[in-house]
Amino acid sequence: MALLSRFLQAFALLFLVIAVSAEHTSNWAVLVSTSRFWFNYRHLANVLSLYRTVKRLGIPDSQIILMLPDDMACNPRNAFPGTVYSNADRAVDLYGDNIEVDYRGYEVTVENFIRLLTDRLDEDVPRSKRLGSDAGSNVLVYMTGHGGDQFLKFQDAEEIGAWDLADAFGQMWEKKRYHELLFMIDTCQANTMYTHFYSPNIVATGSSEIDQSSYSHHADNDVGVAVIDRWTYYVLEFLETQVTSVTSKLNLGDLFDSYDESKIHSQPGVRWDLFPGGEQEGRLRTVVDFFGNVQNVEVENANATEPGSLKEDLAEIARLVEKWQKRDEEYADVLSARNTTDDSPTASLHLKPKGRVGPTKMAEDGSWGKRLVGITVVGACTAIWIAGSVLGRKSV
Amino acid sequence: MYSRVSMRAWSLTSPPGNFPHISNPRQDTLLWSTKHVLIMTTKTGDQGPPQDLASHADIKSSAKSAPPPETPAAVQTRFRVIAAFWAVIIFLGFPIWWKTTSIYRASLPIEEMVDWADGKACRPVFPLDIHLAAPSMQLAEAQHLLRTTQHTLDDLNEFAAHHLRLKLANDSTTSYGESDLGTDVSGEVADTALTVRLLPQEDLVGPRSELHAAATQLDVFYPPNQVPAPSSSNSPISKFIAEELQGLYGEEKATIAHILSGHTAGLASTSPQLAEDISRRLRRSMKYAETYHLSFSLFTPGSMPSSWDIEAAVKEYVSPLLKALSPISDFTVDTQVQLYANFAPTAPKPEFDEAEAAWTLRKEDLSAFVNAAEWPLNPSIGSGPTINFILYVPEPSQSPLIVKENRASSWIVPQWGGVFLLNPTLSTDKTSESNPAHLSRDALGPAFMTFSHQLLTLLGTPSTPASLPLRLQTSIRIRAATLLLSASSTMGSLARLTESLPSIPIPATVATSVSTTISHLGSTCSNLREGRFGAALASARVAETEAERSFFEKSMVGQVYFPDEHKVAVYLPLLGPIGVPLVVGLLKEVKRIIAGRKAKRAAAS
């Protein structure tokens with residue numbers, strides 16, 4: 001009997017361990033468009049659509065890093081100023097009234113992107129521009145732009161190689177900057193971009209095989225350009241029509257099964273082998289594990305009395321407060337006692353209150369010296385010039 | 001004709017002394033001979049070695065004009081020119097290329113770093129000094145009691161890294177509870193974790209204990225007749241004390257075991273309930289930071305209350321806790337008042353509950369309560385994380401507002417902060433009721449006490465034992481263990497990174513940081529071994545900061561990876577046109593010199 005209970009206990013513990021390891025504590029999303037110019041309107045629309053979706057599913061702006069290399073809403077060619085649409089029906093203005101772009105325009109570079117992932121940023125970079133994920137964070141990385149075999153172009157000026165991306169994720173894993181990572185990419189030959197990944201716990205999916213193009217879905221004749229890419233369109237269709245709330249139980253398997261090559265016009269790919277448990281285990285991760293936000297709010301029971309509960313703590317804090325007040329009073333007493341016996345020899349040791357440190361004037365000294373040097377230099381130059389011109393005239 | 005000439009010119013670059021066409025003048029026409037002359041004049045540099053003069057004589061005889069023999073001065077000049085070119089390449093070009101393309105990599109103590117990461121360099125132990133004060137006992141009796149208690153404790157203990165050491169307190173050191181956390185950062189002596197005072201008390205059946213809530217002291221009352229005789233090996237008092245201590249430090253022990261084992265499994269004796277509690281606490285607590293920003297915000301959907309007595313409230317309710325927490329982290333406080341703060345349009349609205357006579361929010365909707373998109377909550381100040389505390393005063397029309405399930409008015413958002421719903425007494429006007437315009441210090445009391453509690457929870461303070469100083473001490477030890485592990489694992493990550501990415505530069509500052517980290521890790525480890533936990537935490541903090549700095553060094557970005565074929569593609573167009581004439585010139589010169597030597601030797605023999 002004892003043995004059985006021991007076994008049960010061990011089993012319970014094991015189960016607990018599994019449950020714990022499967023859990024993540026926060027969600028982050030890195031959404032990157034990499035192409036500039038008006039005719040690449042659809043790439044920005046792709047990213048903004050994804051942005052809306054993750055925000056709808058609860059990831060706050062502080063945990064979304066949005067990189068937009070161009071400003072389509074304010075482009076002079078935009079017939080609908082201030083808006084970006086991803087559908088010809090123009091039902092949803094993606095730009096909306098509440099959008100936080102973290103990296104804009106020429107800030108979207110390969111270097112900044114890699115710095116963002118590895119957090120090798122200057123100390124003065126604000127937290128809104130940093131990926132603050134930790135060992136408990138699930139990270140969604142979505143990229144779109146123009147790419148080729150194992151590279152993705154940034155801004156028509158540079159490109160990120162599949163190796164660089166793999167190394168960046170490798171470093172993230174080394175520093176425990178993600179728990180699980182979903183990598184999505186919509187570009188030509190997209191599936192080549194994740195071939196070099198080597199760090200564990202990554203599920204990667206792309207829109208097209210090597211030597212295949214990714215196509216745009218449709219154009220809006222009034223906007224004048226294509227407004228969304230095919231693969232992103234059908235991913236969004238799944239997310240918007242089926243993942244209606246954060247409580248959705250649909251999993252990654254369902255999402256990837258929804259790919260229809262006849263609609264997408266290219267062969268999307270999925271890479272499972274880095275995920276522990278492979279495809280079987282990876283398929284079970286819910287979509288909202290990556291697109292939604294976990295927030296297990298803990299309501300405090302005002303009536304509980306077990307140790308560490310609100311009541312207990314309040315009592316303890318109250319005692320602490322009391323104690324400090326007493327100490328402050330004692331200190332004040334000591335101080336006042338000291339002040340009254342001001343003529344005692346120890347009074348000289350008493351620290352004087354420091355005078356207020358006001359702004360200091362810039363040092364005056366040396367400025368005349370500098371002026372003198374300046375005048376000398378200017379004078380010498382003038383003299384040389386005059387001498388040169390006089391001598392030159394003589395020789396002529 | 002022109003094309004033939006150029007073709008000849010090429011063939012002339014074949015080794016001297018082997019001029020098949022030239023040595024067969026029979027094939028030559030007149031046209032050819034003139035051509036040949038032309039070639040020879042343009043290619044004076046290709047003069048063969050002396051023994052070829054015979055064939056040159058042939059040419060001369062067959063052709064009308066021949067190039068004049070090269071003067072030794074010209075040969076000398078050519079040699080110098082080629083030598084000068086190569087000197088520039090070797091002594092200037094090559095070093096510059098090497099210097100500009102090489103990546104500076106400071107040497108790191110890789111093996112040592114990996115040892116730290118693998119736990120080979122240090123096995124953290126936590127010996128807790130517990131002072132036993134028995135003012136009314138004989139010295140011999142007390143020592144005997146100490147021995148037996150220690151023995152029982154050691155028998156009970158199953159986690160060797162964390163053990164309790166009993167010591168007999170001198171009368172001079174009975175100033176318990178003076179320093180708040182019983183820690184001494186600079187001291188040479190071990191911190192006293194707890195003082196057990198043994199007090200005889202009549203009319204008791206068995207021993208009884210009482211934990212001081214505001215000091216690190218445990219009073220044990222015992223019936224005087226139960227004092228163990230020096231002959232007995234066991235006594236109810238020693239057993240009682242041992243079990244009591246075991247109980248006090250049970251959670252801490254389980255937590256440290258959990259951390260040291262890498263979050264996989266705790267101790268076998270840990271109940272699943274406790275294990276669940278521990279992992280939940282570790283999950284919701286903030287990641288360690290040197291500095292935390294505490295942000296207290298007053299949000300209200302209307303225009304009232306527009307002021308609050310925040311300075312006094314913080315000073316009274318939060319500062320004492322912050323002072324007590326100061327060995328663990330630094331804190332900065334900022335506050336804000338935000339009026340007309342609305343819920344997110346998609347957030348579920350509070351509902352009126354008739355039974356409770358209050359507006360209620362469902363528990364599952366609480367995560368959408370904070371309108372993260374519109375409330376200015378995440379101030380980007382400094383480098384540390386922000387812990388947000390939100391005081392929400394509902395509209396008069398929706399007051400009082402509570403959580404539906406348990407009538408609670410506060411909740412914790414893990415790793416983020418806390419929320420408190422404050423329902424002030426409404427001031428009823430003639431026409432309508434409204435919130436008070438000002439919240440006094442006393443009105444803020446409950447909210448700020450709750451925030452203090454939430455702060456403790458968010459910093460991962462354990463929930464037992466029921467004495468705040470003891471809990472803070474425990475949290476010092478837990479933080480020291482966590483930081484030791486995290487800085488060690490960062491060292492390991494950096495070592496692996498250095499080895500796996502040969503293209504990444506490693507500046508000298510990283511090497512400095514690494515050596516600082518390792519030395520501080522060493523001192524953390526030795527401080528832990530000697531039971532000086534305050535000092536251990538202090539050096540662990542330095543180690544962690546330096547480790548983070550070394551890993552996140554800004555210049556360590558392996559800029560762009562180039563496959564080898566890309567490198568060839570970059571270098572070939574540049575080096576091809578320059579390299580070919582230089583290499584050919586060099587080869588010819590070398591051949592000439594060798595041939596000259598041979599000729600000399602032949603002439604000498």
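Values below: all heavy atoms of this structure, side chains included; hydrogens, waters and symmetry mates excluded. Chain letters run A, B, ... following the sequence lines, proteins first, then strands; residues in each count from 1.
- For A/K129, no part sits under 4.5 Å from any heavy atom of chain B, backbone or side chain.
- Heavy atoms closer than 4.5 Å to chain A are found in both the backbone and the side chain of B/I412.
- Contacts between B/E316 and chain A at a heavy-atom distance below 4.5 Å involve backbone atoms as well as side-chain atoms.
- Between chain B and the options A/L121, A/T118, A/D124, A/D122, heavy-atom pairs under 4.5 Å are most frequent for A/D122.
- Of the atoms belonging to B/K554, heavy atoms from both backbone and side chain fall under 4.5 Å from chain A.
- Of all the heavy atoms in B/S410 and B/T450, the pair that sits closest is OG-CG2, 3.5 Å.
- With contacts defined as side-chain heavy-atom distances shorter than 4.5 Å, the pair A/L116/A/D102 does not qualify.
- Closest approach of B/W416 and B/M286 over heavy atoms only: N-SD, 3.9 Å.
- B/T545 is linked by a side-chain hydrogen bond (donor to acceptor under 3.5 Å, both in side chains) to nothing, counting only residues two or more places apart in sequence or in another chain.
- Side-chain contact between A/L239 and A/F291 is present, with at least one heavy-atom pair separated by less than 4.5 Å.
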